[in-house]
Amino acid sequence: MSNPALLERMQAAGAAWGDVRGMSMAVDFGDAEGEYAAGSAGAGLYAPLDRGLIEVRGRDRAAWLHNLTTNAIKTLQPGDGNYTFAVNVKGRVLMDFNVLVATDALRLDIDRRLIAKALAHFERFTISEDVQCRDRSDEFARIALLGPRAVEIAAALGVTQAGAMPALASVPLSSGGGHEWLVRHDFAGVFGVELHVASAAAAAWWERLLEIGRPAGLWPVGWKAVDTLRIEAGIPQYGRDIDEEVLPAETGQIERAVSFVKGCYLGQEVVERMRSRGGPARVLVGIRFAGDRTAQEVAAGPLLADGGEVGRLTSACPSPALNAWIGLGYLRTALARPGTRVALAGRPDRAGEVVTLPFRT
């Protein structure tokens, strides 16, 4: 993301930058524990610099995207939204994204690292449809509010209904003349909203939100705190917990990402077969490791049980709420039950056990 003014404001707030899967992110603002507390029990201000935006226009846009994704698109109305997968003919997940419906376009909220892949995929499956896809990531910035007291800040912006909005519903912000909008997005498992604003206005919005949020104790929060909340909530992330080897049924996200009544779409036969024949051979699970969170770091890698490899750990973090290292990963379905004991390959000292997701509610 190239937005010097916003990055300057974040730097002034104490941002410590780090590489997160190839992107420079504000890892923390000098107090990761305080930032976690703000996000989980107060109000946090977060800049998801790793998110991008693809705009889809044309009269056939809804029917066309409906045929390329696992969730229902044609039935969505302006202001609605949902989460979906795009899968290949083998039913494997190529990418995930949020579909936000505007009056004259579909806005795809997607990881920036997937944009080139997404555009190539969409071009391949555009034949004669009236559809135009455009990367608008650099034209808009994303600024998020998260935590229970973020409801108060949304209300101060005039969105008094934010706490009752469905997931991924959106409303225009009156001050943006219809070009800026607020989206209900619990991306870290706690209450959250995202403001999609013009890039040129992002720094001013950052300062404005800090001012409005002062009575609610609003803190800037970094990626580290947000990622911990995400893992605690059991939300898988593409590029870490989901890739092209994963089937939708394995992710634990079927209820929010897949419609089984929408009709045919690319890869639909495999997705439906998985449901009708009793489920996948492996599934996403939560794992809590022995010892407290000051114990040696846990990293992604193979998981062992009874001396053999039975799965893989994909995300891990130290959880302040649980005072332990926790993680997400995939295990054979037969072992994916609470209490199953596993260990990291090459790390017999780091034993853990399967727990029910989410880790905390």
Side-chain angles (χ1 to χ4, degrees), residues 1-32 34-35 38-39 42-55 98 100 102 105 107-116 134-147 150 152-154 156-159 162 170-183 185 187-188 192-227:
M1 174 186 178
S2 179
N3 194 321
L6 176 59
L7 300 185
E8 182 180 332
R9 297 300 196 285
M10 295 171 67
Q11 190 72 36
W17 301 94
D19 181 86
V20 178
R21 295 174 47 231
M23 294 199 68
S24 181
M25 297 283 289
V27 176
D28 61 53
F29 286 82
D31 183 0
E35 295 162 37
L45 179 65
Y46 178 61
L49 305 178
D50 56 342
R51 301 301 293 180
L53 183 71
I54 295 175
E55 184 179 79
N98 301 312
L100 311 175
R107 295 161 175 156
L108 311 186
D109 164 36
I110 187 169
D111 190 316
R112 278 179 173 258
R113 288 156 289 212
L114 296 175
I115 286 179
R134 178 184 170 196
D135 178 8
R136 300 196 66 188
S137 303
D138 288 338
E139 299 172 49
F140 288 92
R142 208 75 54 87
I143 303 177
L145 299 165
L146 68 154
E152 303 169 33
I153 303 170
L157 293 172
V159 187
S170 60
V171 294
L173 293 169
S174 58
S175 60
H179 299 293
E180 299 178 332
W181 62 97
L182 179 144
V183 180
H185 188 191
F187 56 90
V193 295
E194 289 185 338
L195 279 65
H196 294 225
V197 303
S199 289
W205 270 104
W206 178 271
E207 294 298 335
R208 181 185 177 194
L209 289 170
L210 283 175
E211 180 64 28
I212 292 173
R214 185 171 289 117
L218 183 65
W219 281 35
V221 302
W223 172 85
K224 186 181 295 184
V226 169
D227 196 54

Approximate separation, where rounding is to 0.5 Å, of [X] [atom1] and [Y] [atom2]:
| X | Y | atom1 | atom2 | value |
| --- | --- | --- | --- | --- |
| Glu139 | Leu53 | CD | CG | 8.5 Å |
| Trp205 | Leu157 | CH2 | CG | 5.5 Å |
| His185 | Leu100 | NE2 | CG | 8.5 Å |
| Phe140 | Leu195 | CZ | CG | 12.5 Å |
| Ser137 | Leu108 | OG | CG | 10.0 Å |
| Glu194 | Tyr46 | CD | OH | 9.5 Å |

Should [X] and [Y] count as side-chain neighbours, where that means a heavy-atom distance under 4.5 Å?
| X | Y | result |
| --- | --- | --- |
| Arg9 | Glu207 | yes |
| Asn3 | Asp138 | no |
| Ser24 | Leu49 | no |
| Leu6 | Trp206 | yes |
| Arg51 | Arg112 | no |
| Pro48 | Ile143 | no |

Carboxylate-amine/guanidinium contact Glu35 Lys224, below 4.0 Å:
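No, Glu35 and Lys224 are not salt-bridged.
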Between Arg208 and Glu211, does any NZ, NE, NH1 or NH2 come within less than 4.0 Å of an OD or OE carboxylate oxygen?
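A salt bridge is absent here (no side-chain N lies under 4.0 Å from a carboxylate O).
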Kindly say whether Asp31 contributes a backbone atom to a donor-acceptor pair with the side chain of Asp28 at under 3.5 angstrom?
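A pair under 3.5 Å: no.
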Give the intermediate values and the outcome of salt bridge (charged side-chain N to carboxylate O under 4.0 Å, His left out) for residues Asp50 and Arg21.
CA-CA 10 Å; Asp50 56 342; Arg21 295 174 47 231; 5.4 Å; no
Closest non-hydrogen atom pair, Ala13 against Phe29
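So the two residues come closest at O-CD2, 3.6 Å.
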cation_pi(Arg107, Trp181) dist<6.0 Å, angle<=45
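Yes, Arg107 lies over the aromatic ring of Trp181.
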Quick check on Glu8: does its CD atom have over 12 non-hydrogen neighbours (other residues, nucleotides or ligands) under 6.0 Å away?
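Not buried by this count: 12 neighbours or fewer within 6.0 Å.
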